[in-house]
Amino acid sequence: MTTVIEVNHLRKVYKRTGKVAVDDISFKVEEGQCFGLLGPNGAGKTTTLEILQGLRSATSGEVTLFGLNWQKDEVKLRGLMGGVMQHNNLYEKLKVRECVELFASFYPSYTPINQLLERFSLTEKKEAWLSELSGGQKQRVFLAMAVVGQPKLVFLDEPTTGLDPTSRQEFWHIIKDLKASGTCVMLTTHYMDEAEFLCDDLAIINSGKIIESGAPSDIINRTFETPVIKEPRKATLNDVFLKLTGSSISKEESYA
Ligand SMILES: Nc1ncnc2c1ncn2[C@@H]1O[C@H](COP(=O)(O)OP(=O)(O)OP(=O)(O)O)[C@@H](O)[C@H]1O
Ligand SMILES: [Mg+2]
């Protein structure tokens, strides 16, 4: 397997405040894997993702992506990655179609725009200004922008916050497809079901330090001495929502 992300002893101290946001973290992510960064508000997840995306400098430590680094190989790296930032008001003056076309133009090849808009249920809104969209619709546009260029590595910072349950599960499908095509995904989320469903490996970060890491099932077994015995799962309110509002993913599949 090829290592796509390698992080060694990464540290970030914000100069103005002296805040140690990331405190000596190290991890690796392999090709085709989804790696999750979990942790409470202010734990250092966004800071880490921004450093990995070359949007912020590290105080110390090393970040290697595809064996390349931001100091020497910025142009090459930009062509291999896509991403969604947690807070993003940059594109309000563009239409949905224009946003996705703009991002497609950054890459050597891309998914046909209409096909992608259909996949994200945005066809009806393709001529709408971003400022006219609901929060969840905007989030879907950002996801389409992140994947349009068929990147080999995608960074997603809380990508499903604000999505309705149906859109959230459609998004899970899209991530599974991306992984199957060999794309590596790095994700932060506050939804534990999402992390369990999507992540091959994850790290739990607290006050800038990794306090636990590994495959979700290994972490659960390590954390609880007595194995957690799963009862047959009853329907939940989430299932009711999906059934009544229409979803493309079955319950069995989502809990597999
Ligand atoms: N530009 C900045 N200047 C100074 N401190 C910052 C800056 N950005 C973030 N911080 C601080 O660094 C710490 C980590 O912030 P970060 O945004 O990485 O957390 P997070 O894990 O993404 O949290 P959330 O779950 O709320 O998104 C916090 O204490 C935050 O206040
Ligand atoms: Mg964050």
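Atoms within a ligand are numbered from 1 in the order they appear, just like the ligands themselves.
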Can you list the ligand 1 atoms lying under 4.0 Å from a non-hydrogen atom of [X]?
{"X": "Glu158", "answer": "25 (O), 27 (O)"}
{"X": "Ala43", "answer": "19 (O), 20 (P), 21 (O)"}
{"X": "His190", "answer": "25 (O)"}
{"X": "Lys19", "answer": "12 (O), 29 (O)"}
{"X": "Tyr14", "answer": "1 (N), 2 (C), 3 (N), 4 (C), 5 (N), 6 (C), 7 (C), 8 (N), 9 (C), 10 (N), 11 (C), 12 (O)"}
{"X": "Gly44", "answer": "14 (C), 18 (O), 19 (O), 20 (P), 21 (O)"}

| message | Can you tell whether the side chains of Asp24 and Arg11 come within less than 4.0 Å, N to carboxylate O? | response |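 Looking at Asp24 and Arg11, the cut-off is not met.
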| said: Any nitrogen or oxygen of Gly39, side chain or backbone, less than 3.5 Å from one on ligand 1? | reply: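 There is no such contact.
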| said: Ala21 versus ligand 1: do any nitrogen or oxygen atoms come within less than 3.5 Å of each other? | reply: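 N/O-N/O distance under 3.5 Å: no.
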| query | Who's closest to atom 17 (O) of ligand 1 heavy-atom-wise, of Thr46, Ile51, Asp157? | reply |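 Nearest option to atom 17 (O) of ligand 1, by heavy atoms: Thr46.
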Cationic tip of [X] within the cone over [Y]'s six-membered ring, i.e. under 6.0 Å and within 45° of the normal?
{"X": "Lys138", "Y": "Phe142", "value": "no"}
{"X": "Arg78", "Y": "Phe106", "value": "no"}
{"X": "Lys28", "Y": "Phe35", "value": "no"}

| said: Among Asp157, Val7, Val22, which residue satisfies the side-chain contact (heavy atoms from CB on, under 4.5 Å) criterion with Thr48? | reply: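 Filter result, single survivor: Val22.
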| Smallest separation among heavy atoms of Arg140 and Phe120, with atom names |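 Looking at all heavy atoms of both residues, the shortest contact is NE-O, 3.0 Å.
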| Which bit of Thr47 gets closer than 4.0 Å to ligand 1, counting heavy atoms only: side chain, backbone, both or neither? |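 Within the 4.0 Å criterion, Thr47 contacts ligand 1 through backbone and side-chain atoms alike.
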| task | Step by step, work out the salt bridge (charged side-chain N to carboxylate O under 4.0 Å, His left out) result for Lys45 and Glu158. | result | CA-CA 10 Å; Lys45 304 179 298 295; Glu158 293 189 39; 5.2 Å; no
| Does even one non-hydrogen atom of Arg16 get within less than 4.0 Å of ligand 1? |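 False for this residue.
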| query | If two hydrophobic side chains count as joined below 4.5 Å and joins carry through other members, does Leu102 share a cluster with Met145? | reply |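 Cluster IDs for Leu102 and Met145 match.
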| request: Examine Thr188 and say whether one of its N/O/S atoms is closer to the Mg ion (ligand 2) than 2.8 Å. | output: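 No, since none of the N, O or S atoms of Thr188 sits under 2.8 Å from the Mg ion (ligand 2).
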